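Have a look at the structure below before the remarks.
All of these numbers come straight from a predicted model, not from anything done at the bench.
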Amino acid sequence: MPLIEARGLTKTYAMGGESVHALDGVSLDIDAGEFVAIMGASGSGKSTLMNILGCLDRPDSGQYRLAGEAVEALDGDALASVRNRRIGFVFQQFNLLPRTSAQENVELPMVYAGVPAAERQARARAALERVGLGQRLGHTPAELSGGQQQRVAIARALVNNPSLILADEPTGALDTQTSEDVMRLLSDLNRQGITVVLVTHEHDVAAWARRRLVFRDGRIVEDAAQPPHHDARRTEVTP
């Protein structure tokens, strides 16, 4: 069974008195353990798809199953539960609380899940160690570089042991070398079995994925396998 099963997804927005078809009958499967890059011009539908895959939005029509669970018709509380149990999010701007330590930022998803404090702290420390920030637990975002902040965000995405990481332009605010470091980390996590789906405008970032989807006018116009990335170096990431 694919991890992601989407059939005939549509989404229409009203803009300036006109209807814009953000998604126009999109169907796709993504298997567990895949690494998929989604590309396309602004307004092509890729971010709308990511919002639906991440249970942040619902399609107007069509079916979406995540790990076999039909989620397109769930209410808000049920969608929030699915997000917390199954999905980790990584965003371009990190979305960290500015006056809160790295460890406390990583603990946040577990606060919402009702995890006891001692367990939250232990799991947050383990997640930060997993992304190479075990020595930065008490640092606030202002005391961390951009790449370190994104690693905190990735640790936060990992802390509830999701089966899926959705990364929306994860390197958009980073320089070239730091972008490579973050992509190497995501690649290593994927090799450990986590499914990764990322949106990017950058071809060198998309090259890390093993499959590329290209969107245009709300439809998938290309779905192609990609060869393994040339960079074979590994970060110090432990399962």
Where do R65 and M1 land on the side-chain contact (heavy atoms from CB on, under 4.5 Å) test, with the steps shown first? CA-CA 10 Å; R65 288 182 175 270; M1 185 194 316; over 6 Å; no
Going through the distances and angles, do N95 and F89 end up as a side-chain contact (heavy atoms from CB on, under 4.5 Å)? CA-CA 10 Å; N95 290 1; F89 294 92; over 6 Å; no
Checking side-chain contact (heavy atoms from CB on, under 4.5 Å) for the pair W208/L186: CA distance, chi angles, key distance, verdict? CA-CA 9 Å; W208 287 84; L186 289 174; over 6 Å; no
Apply side-chain contact (heavy atoms from CB on, under 4.5 Å) to R156 and L96, showing your working. CA-CA 9 Å; R156 182 183 58 194; L96 302 176; 3.5 Å; yes
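Taking every heavy atom of both residues into account, A113 and N84 meet most closely at CB-ND2, 3.1 Å. Smallest separation of non-hydrogen atoms from L53 and Y64: O-OH, 2.7 Å. Shortest non-hydrogen contact noted between V71 and C55 is CG2-SG, 4.2 Å. Nearest heavy atom pair, residue A124 against residue M110, reads N-CE, 4.0 Å. Nearest heavy-atom pair, F35 versus M183, reported as atom, atom and distance to 0.1 Å: CZ-CE, 3.8 Å. Smallest separation of non-hydrogen atoms from A157 and P162: O-CG, 3.1 Å.
Linking Ile, Leu, Val, Met, Phe, Trp and Tyr whenever their side-chain heavy atoms come within less than 4.5 Å leaves V90 and V36 in two separate clusters. If you chain together hydrophobic residues whose side chains sit under 4.5 Å apart, I154 and F91 never meet in one group. Neither L198 nor V214 shares a network with the other; the hydrophobic side chains, linked directly or stepwise wherever heavy atoms of I, L, V, M, F, W or Y lie under 4.5 Å apart, form separate groups for each. In terms of hydrophobic clustering, with Ile, Leu, Val, Met, Phe, Trp and Tyr side chains grouped at heavy-atom distances under 4.5 Å, I38 and I4 are assigned to a common cluster. Tracing side-chain contacts under 4.5 Å through hydrophobic residues (I, L, V, M, F, W, Y), one reaches V159 starting from V196; they form part of the same cluster.
Between R120 atom CZ and R125 atom CZ the span is 12.0 Å, to the nearest 0.5 Å. From Q103, atom CD reaches atom CG of L133 across 12.0 Å, with rounding to the nearest 0.5 Å.
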Sequence neighbours excluded and cut-off under 3.5 Å, please list the side-chain donor-acceptor pairs for residues 165-174, or say none.
| from | atom 1 | to | atom 2 | distance (Å) |
| --- | --- | --- | --- | --- |
| E169 | OE2 | H201 | N | 3.3 |
| E169 | OE2 | H201 | ND1 | 2.4 |
| T171 | OG1 | E202 | OE2 | 3.3 |

If you look only at distance, which donor and acceptor atoms sit under 3.5 Å apart when one is on a side chain in residues 134-141 and the other is two or more places apart or in another chain?
| from | atom 1 | to | atom 2 | distance (Å) |
| --- | --- | --- | --- | --- |
| T140 | OG1 | E143 | OE1 | 3.4 |

Please table the atom pairs, donor to acceptor, closer than 3.5 Å between any side-chain atom in residues 19-27 and protein atoms at least two apart or in another chain.
| from | atom 1 | to | atom 2 | distance (Å) |
| --- | --- | --- | --- | --- |
| H21 | ND1 | T12 | OG1 | 3.2 |
| D24 | OD2 | R219 | NE | 3.0 |
| D24 | OD2 | R219 | NH2 | 2.9 |
| S27 | OG | G8 | N | 2.8 |

Side-chain donor-acceptor pairs under 3.5 Å in residues 220-227, sequence neighbours left out?
| from | atom 1 | to | atom 2 | distance (Å) |
| --- | --- | --- | --- | --- |
| E222 | OE2 | R212 | NE | 3.4 |
| E222 | OE2 | R212 | NH2 | 2.4 |
| D223 | OD1 | R211 | NE | 2.9 |
| D223 | OD2 | R211 | NH2 | 2.9 |
| Q226 | NE2 | A206 | O | 2.9 |
| Q226 | NE2 | A209 | O | 2.8 |

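Other residues sharing the hydrophobic cluster of L108, ordered by chain and number and joined by side-chain separations under 4.5 Å: L97, Y112.
Of the possible polar contacts, one joining the K11 side chain to the R58 backbone as a donor-acceptor pair under 3.5 Å is found. Here the side chain of S44 pairs a donor or acceptor atom with the backbone of A41 at under 3.5 angstrom. The main-chain N or O of T100 is found under 3.5 Å from a side-chain atom of N105 such that the two form a donor-acceptor pair. Looking at D175, its side chain does come within 3.5 Å of a backbone N or O of T178 through a donor-acceptor pair.
A salt bridge links D29 with R7: the closest approach of a Lys/Arg side-chain nitrogen to an acidic carboxylate oxygen falls below 4.0 angstrom.
Here the options are I194, I30, L66, the test is side chain to side chain contact (heavy atoms under 4.5 Å, CB included), and the partner is L164; only L66 passes.
Legend: residues meeting side-chain hydrogen bond (donor to acceptor under 3.5 Å, both in side chains) with D217, ordered by chain and number and at least two apart, are absent.
Using a 3.5 Å distance cut-off with no hydrogens or angles, the side chains of D188 and Q192 do not pair a donor with an acceptor.
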